[in-house]
Protein chains: 2
Amino acid sequence: MPYLKVILAYEGTNYCGWQAQPDEHGPSVQGTVEKALKKLTGEEIRVTAAGRTDAGVHARGQVISFATGSKIPLERWPLALNAVLPPDIAALRAEEVGPEFHARYSAHSKTYRYTILNSPLRDVFWRRFSWHIRQPLNIEVMEEALAYLKGQHDFRAFCAAGSPVKNFVRTIKDARLRKEGCLINLDIKADGFLYHMARIIAGTLVEVGQGRLKAEAIPEILASRDRGRAGPTAPPHGLCLMEVEY
Amino acid sequence: MPYLKVILAYEGTNYCGWQAQPDEHGPSVQGTVEKALKKLTGEEIRVTAAGRTDAGVHARGQVISFATGSKIPLERWPLALNAVLPPDIAALRAEEVGPEFHARYSAHSKTYRYTILNSPLRDVFWRRFSWHIRQPLNIEVMEEALAYLKGQHDFRAFCAAGSPVKNFVRTIKDARLRKEGCLINLDIKADGFLYHMARIIAGTLVEVGQGRLKAEAIPEILASRDRGRAGPTAPPHGLCLMEVEY
């Protein structure tokens, strides 16, 4: 039985997140993909994803893996799957992998992008894909703050309370801020992300950019391991899972 | 009573178009803007728009004009209006104009952009803003076809049947095709557009790009003045009113 790795893009707006939630929260991306796979192959397939994105979070490079007995040729998988997926989810690529491959545990790093629209006026076309901050942000001090977060740290202060994980040490391998017109893109590549970590980093950088927090406070915040010291959790619709590396 | 000119952006997805339609077609952009103005000023304001965009068509630079007795300072108009508009419509700028100004009749030219996503795979983020054409398009021959359309012509062959206008002569002042990655942007600047003209031009260029119509056929199609000779009307969601010049 072949094991497949499929790259997905989706707009998270209408989903309760990757994982299934009680019905009142709307469909999950996972449930929708599994339903499409059932339609395509007739099999009850359980898929594993690299990143369990939250409600409203988007993906350009989510990776899923699953086993299937289907005889569909590899190169026809993306189009075949797209034909049974709703318009806000798309398969981009399929590869055959070994049974030892696991979309989440085999990943070396993931890159998330957080997008801020920094403009006094809103943008109707970016409203689903960015956090609108009206007050001008000071990018230079945000970059200083970001530099303190690079590398290996205990990120407990940047993890939502109640997370069941025990080890809060993660390594940010690369992190960049880039301004293009009114948009500010924050790209963070790490070996793993704690619950809400990318969004708490974005929320903290915005506090710094607004002058409500000093860039030099970041090392103390990290050392405190206290979620209450970091900034607010930025809204989900500015976040997008860009890439997963293996 | 001051006359105002306001620049609007909107996502047309959820509207029946600029003009009000019988209720079952959903709200119009015009009706929604007039309701917002009533909320803001208390006045029953009738607005005039430069381009009466169809259902599903977007705008980045729609221009409206209206008279108001409101004492709101000019520079506060965009934010004040945005506060009462839904998230898919935004006011970008306001200017005071003379009573002789008419958003439609005073316009010298309008620029529409038609966006084609030319890729075997769909793009979930562009699905509301582009026409998805899977087969590779030959841009060179599309550019040749476009060149024949520039200048002053009788565009009756590029006007939807049943239009009440009598004069079908329009001047395309500038027209460009630009490919950026999988996206092809067709920008057309003209002194005026007939009903569905931009979308019929886009549909005809796609026929040419797919090899189903020769670029050299364009002069004959123009001369025929026969809507049946031009290509199909491209879908509305790829179209956007970019700019109006006075």
Side-chain angles (χ1 to χ4, degrees), chain A residues 6-15 29 32-33 36 53 57-62 75-94 113 115 117 119-132 134-135 180-182 235 237-242, chain B residues 6-15 29 32-33 36 53 57-62 75-94 113 115 117 119-132 134-135 180-182 235 237-242:
Chain A
V6 173
I7 319 295
L8 291 183
Y10 50 84
E11 182 190 328
T13 311
N14 297 322
Y15 294 95
V29 181
T32 306
V33 170
T53 53
V57 173
H58 315 291
R60 291 184 178 271
Q62 173 72 285
E75 69 279 9
R76 283 176 54 192
W77 261 94
L79 277 178
L81 194 49
N82 286 345
V84 288
L85 281 168
D88 50 4
I89 306 180
L92 305 181
R93 236 173 25 252
R113 169 171 289 182
T115 302
L117 172 72
S119 160
L121 293 169
R122 65 180 180 227
D123 184 318
V124 298
F125 301 102
W126 276 96
R127 72 187 198 281
R128 298 182 183 91
F129 309 110
S130 64
W131 184 20
H132 184 196
R134 290 194 154 82
Q135 186 193 338
E180 291 178 48
C182 294
H237 63 279
L239 190 63
C240 185
L241 173 53
M242 300 297 281
Chain B
V6 173
I7 319 295
L8 291 183
Y10 49 84
E11 182 190 329
T13 311
N14 297 320
Y15 295 94
V29 181
T32 307
V33 170
T53 53
V57 173
H58 315 291
R60 290 185 178 271
Q62 173 71 287
E75 68 279 9
R76 283 176 54 192
W77 261 94
L79 277 177
L81 193 49
N82 287 345
V84 288
L85 281 168
D88 51 4
I89 306 180
L92 305 180
R93 233 170 30 251
R113 169 171 290 181
T115 302
L117 172 72
S119 161
L121 294 169
R122 65 179 180 230
D123 184 317
V124 299
F125 300 102
W126 276 96
R127 72 187 197 282
R128 297 183 184 91
F129 310 109
S130 64
W131 183 20
H132 185 196
R134 291 195 153 82
Q135 185 192 340
E180 291 179 48
C182 294
H237 62 279
L239 189 63
C240 186
L241 173 54
M242 300 297 281

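Naming convention: chains lettered A, B, ... in sequence-line order (proteins, then strands); numbering from 1 in each chain.
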Checklist entry - Which one of Pro78(B), Ala91(B), Pro87(B) has the most heavy-atom pairs closer than 4.5 Å to chain A? => result Pro87(B)
Next on the checklist: Applying side chain to side chain donor-acceptor pair (under 3.5 Å), can you list everything that pairs with Tyr15(A), at least two apart in sequence or on another chain?
Outcome noted: Asp88(A)
Checklist entry - Looking at His237(A) versus Phe129(A), is the centre-to-centre ring distance below 6.0 Å? => result no
Item to check | Proximity breakdown for Leu85(B) and chain A, heavy-atom pairs closer than 4.5 Å | outcome: both
Next on the checklist: Distance alone, cut at 3.5 Å: any donor-acceptor contact between the side chains of Thr53(B) and Tyr10(B)?
Outcome noted: yes
Checklist entry - With only heavy atoms counted, which part of Arg122(B) is less than 4.5 Å from chain A, the side chain, the backbone, both or neither? => result both
Item to check | Max heavy-atom pair count under 4.5 Å with chain A, selected residue of Arg128(B), His58(B), Arg60(B) | outcome: Arg128(B)
Next on the checklist: Taking side chain to side chain donor-acceptor pair (under 3.5 Å) as the definition, give me every residue that meets it alongside Ser119(B), ordered by chain and number, with sequence neighbours left out.
Outcome noted: none
